[in-house]
Amino acid sequence: MAYQFDQTQRIVILGGGPGGYEAALAGARLGAEVTLVERNGVGGSAVLTDVVPSKSLIATAEAAGAISQAAELGVQFFTRDKSGTAAVPEVAINLAAVNKRLLGLAAQQSEDMRRTLLDAGVRLVVGDGRLDGPNAVIVSAGGVDFEHLAADTIVVSVGASPRILSNAKPDGERILTWTQLYSLHEIPEHLIVVGSGVTGAEFAAAYRALGAQVTLVSSRDTVLPGEDADAAALIEGVFKRNGMTVLSQSRADRVQRKGDRVIVTLSDGRTVEGSHCLMAVGSVPNTAGIGLEEAGVQLAESGHIRVNRVARTSVPNIYAAGDCTTYVPLASVASMQGRTAVFHAMGDIVNPPEQRNITSNVFTNPEIATVGWSQREIEEGVMSGRIYKVPLSENPRAKMMGVTEGFVKLFARADSGTIIGGVIVAPKASELIYAVAQAVTNRRTVDQLAQTFPVYPSLMGSVADAARAMHIVLQ
Ligand SMILES: Cc1cc2nc3c(=O)[nH]c(=O)nc-3n(C[C@H](O)[C@H](O)[C@H](O)COP(=O)(O)OP(=O)(O)OC[C@H]3O[C@@H](n4cnc5c(N)ncnc54)[C@H](O)[C@@H]3O)c2cc1C
């Protein structure tokens, strides 16, 4: 007889981003009575302001980049005037049209997700939710409470918002958070990006490819300080060669608007003047004032909700998923946590996400994709392993594509050859990393990976080459 889940469960979910959405679907599919409270739109920041718009913008930047690089592959663009003289056409970006397209894509995806939830039987309530103890949620709109929802299980997946610094307040016109970028009608003449983490680097690269003058202000030694050091150095080199100004070890102290200019004052007194400034200095969880601590839920000092591997908080029937938790802030992870929370609450089989198996990607050009243990951890002795790096310049497909930069790096246990991590810097590295992630997740060895046929010629061939080179000769 099939196992019967507790179908009398009332699950109330706060937030309809990837975490809340997946939790709601999982609950509905297992037969629970599911209510999802969302104050903006289904899909959350991931769909409406973060992942979908930013990656759609980057797709446009890639198209612009491909046009400017096409000449190297022998593609010429020119028009002829009446006298037959050839002239090179200008590549121009219609940012208003680009933004209309990407906001349209986001709205459509949000609507598709809303429909999927309704079809699955999830009840949607539009409003601000807050906990009323561990077994109830109150929903309000405009400060007026209008619904009290009793709950056996609560999943909090309220996401995060851009961090705002008191001396660099966004005005939505010239000083912007990433959620406000999509209201621009023209490419900024000079965009100053404060913050060189993933968000700052991605937008800086995209706007440079779209034709803006870009200055990236980084408080650290290199851009992308959290990434593999070789990958970060390579990307910084690409940024500089593409004409971006990178100010390393430069902390922005103040950002002010002066008419149609912005002035960024650095901590050493230098100033940078531009037409716009993007503040990309991290996020804060949306956990304040929603009754969490009153319900007994423990928060970290940063305001993130402490969760264990099955997304459970310090209160047994309250779970939390996504960017509001102490776990990894990625849409894919939020989804996984949302599903895990509900499977656990309803007694289904749970495979808690393993942090080491999480893939991540920086959508610069080339992209940086990563999985598993890092080179830094191996070199610091946190994990024992061997490191092997193959430059893409040796790859035949890369040569055909005109790709000269990038690499594949694999990490494997010295004794068994088990693959424990990897970094790929390449066009569409986000697609290529899946093979390495499969190997890491399933504890495959370098020999097993090397035995898998890559297409010839293909960028994936470099993954097989790296694995082959790491073959352990048994004594
Ligand atoms: C610019 C940018 C690009 C990114 N790109 C990627 C990427 O390429 N890949 C990737 O994996 N991750 C990416 N991320 C991270 C990704 O956006 C987040 O990890 C993801 O959105 C987290 O999902 P979530 O469900 O936790 O929260 P969210 O997507 O933030 O959703 C939370 C929802 O909760 C709602 N809410 C909040 N408080 C309440 C309340 N009290 N009552 C009712 N509703 C409430 C909000 O309105 C929101 O809709 C990116 C982030 C940024 C900033």
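The residues of the chain are indexed from 1 along the displayed sequence. The shown structure was predicted, so the numbers you read here are calculated from the model rather than taken from an experiment. Atoms within a ligand are numbered from 1 in the order they appear, just like the ligands themselves. Reckoned from all heavy atoms, side chains included, excluding hydrogens, waters and symmetry mates.
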Checklist entry - Is there a heavy atom of S54 sitting under 4.0 angstrom from any atom of ligand 1? => result yes
Checklist entry - Where on A46 is there a heavy atom closer than 4.0 Å to ligand 1, on the side chain, on the backbone, on both, or on neither? => result both
Checklist entry - If you count the atoms of ligand 1 from 1 in the order shown, which ones are under 4.0 Å from a heavy atom of G127? => result 42 (N), 43 (C)
Item to check | Exceeds 12 heavy-atom contacts within 6.0 angstrom, atom CZ of F146 | outcome: yes
Next on the checklist: Assess whether a salt bridge exists between E202 and K55, defined as any Lys/Arg side-chain N lying under 4.0 Å from an Asp/Glu carboxylate O.
Outcome noted: yes
Checklist entry - Between Q180 and S183, does a side chain to side chain donor-acceptor pair (under 3.5 Å) hold up when you go through it step by step? => result CA-CA 6 Å; Q180 297 167 331; S183 57; over 6 Å; no
Checklist entry - What is the closest protein heavy atom to atom 2 (C) of ligand 1, and at what distance does it sit? => result D50 CB, 3.7 Å
Next on the checklist: Show the atoms of ligand 1 that are less than 4.0 angstrom away from any heavy atom in G44.
Outcome noted: 29 (O), 31 (O), 48 (C), 49 (O)
Checklist entry - Any idea which atoms of ligand 1 are less than 4.0 Å away from a heavy-atom of S332? => result 11 (O)
Checklist entry - Short list, please: which atoms of ligand 1 are under 4.0 Å from a heavy atom of F363? => result 8 (O)
Item to check | Sub-4.0 Å atoms of ligand 1 with respect to non-hydrogen atoms of G322 | outcome: 26 (O)
Checklist entry - To the nearest 0.1 Å, how far is atom 34 (O) of ligand 1 from its closest protein heavy atom, and which atom is that? => result G15 CA, 3.3 Å
Checklist entry - Does atom CZ of R356 have more than 12 heavy-atom neighbours from other groups under 6.0 Å away? => result yes
Next on the checklist: Among all protein heavy atoms in this structure, tell me which lies nearest to atom 27 (O) of ligand 1, with the distance rounded to 0.1 Å.
Outcome noted: G159 CA, 3.4 Å
Checklist entry - Do N361 and E367 have side-chain N/O donor and acceptor atoms under 3.5 Å apart? => result yes
Next on the checklist: Distance under 4.0 Å to a non-hydrogen atom of D128: what atoms of ligand 1 satisfy this?
Outcome noted: 42 (N)
Checklist outcome for this item: Quick note on ligand 1: atoms under 4.0 Å from a heavy atom of G19 include exactly 25 (O)
Checklist entry - Going by distance only, is there an N or O of T49 that falls short of 3.5 Å from an N or O of ligand 1? => result no
Checklist entry - Which atoms of ligand 1 have any heavy atom of V37 under 4.0 Å away? => result 43 (C), 44 (N)
Item to check | For atom 40 (C) of ligand 1, the option (of G129, G41, G43) bearing the nearest heavy atom | outcome: G129
Next on the checklist: As a quick check of understanding, evaluate salt bridge (charged side-chain N to carboxylate O under 4.0 Å, His left out) for E147 and R123, giving each step before the final call.
Outcome noted: CA-CA 13 Å; E147 186 138 4; R123 180 167 173 246; 2.8 Å; yes
Item to check | Electrostatic pair E22:R339 at N-O distance under 4.0 angstrom | outcome: yes
Next on the checklist: So for ligand 1, is L330 a polar contact partner (N or O within less than 3.5 Å, distance only)?
Outcome noted: yes
Checklist entry - Between H190 and T215, is any side-chain donor less than 3.5 angstrom from a side-chain acceptor? => result yes
Item to check | atom 36 (N) of ligand 1: nearest protein contact (heavy atom, Å) | outcome: R39 NE, 3.7 Å
Checklist entry - Of the protein's non-hydrogen atoms, which lies at the shortest distance from atom 30 (O) of ligand 1, and what is that distance? => result S45 OG, 2.9 Å
Item to check | N or O pair under 3.5 Å between A331 and ligand 1 | outcome: yes
Item to check | atom 26 (O) of ligand 1 - nearest protein heavy atom and its distance | outcome: D323 N, 2.9 Å
Checklist entry - Any donor and acceptor pair, going by atom type alone, linking the side chain of N167 with main-chain N or O of D253 inside 3.5 Å? => result yes
Next on the checklist: Any heavy atom of F203 closer to ligand 1 than 4.0 angstrom?
Outcome noted: yes
Next on the checklist: So, regarding V51 and ligand 1 (criterion: nitrogen or oxygen to nitrogen or oxygen, under 3.5 Å), is there a contact or not?
Outcome noted: no
Next on the checklist: Would D145 and R130 count as a salt bridge (charged side-chain N to carboxylate O under 4.0 Å, His left out) here? Give the steps.
Outcome noted: CA-CA 10 Å; D145 297 348; R130 68 179 192 278; 3.0 Å; yes
Next on the checklist: Considering K55, E202, E38 one by one, which has a heavy atom nearer to atom 46 (C) of ligand 1 than any of the others?
Outcome noted: E38
Checklist entry - Crowded around E189 CD? As in, over 12 foreign heavy atoms under 6.0 Å? => result yes
Item to check | Proximity winner for atom 23 (O) of ligand 1, if only heavy atoms of P18, S430, G17, G200 are counted | outcome: P18
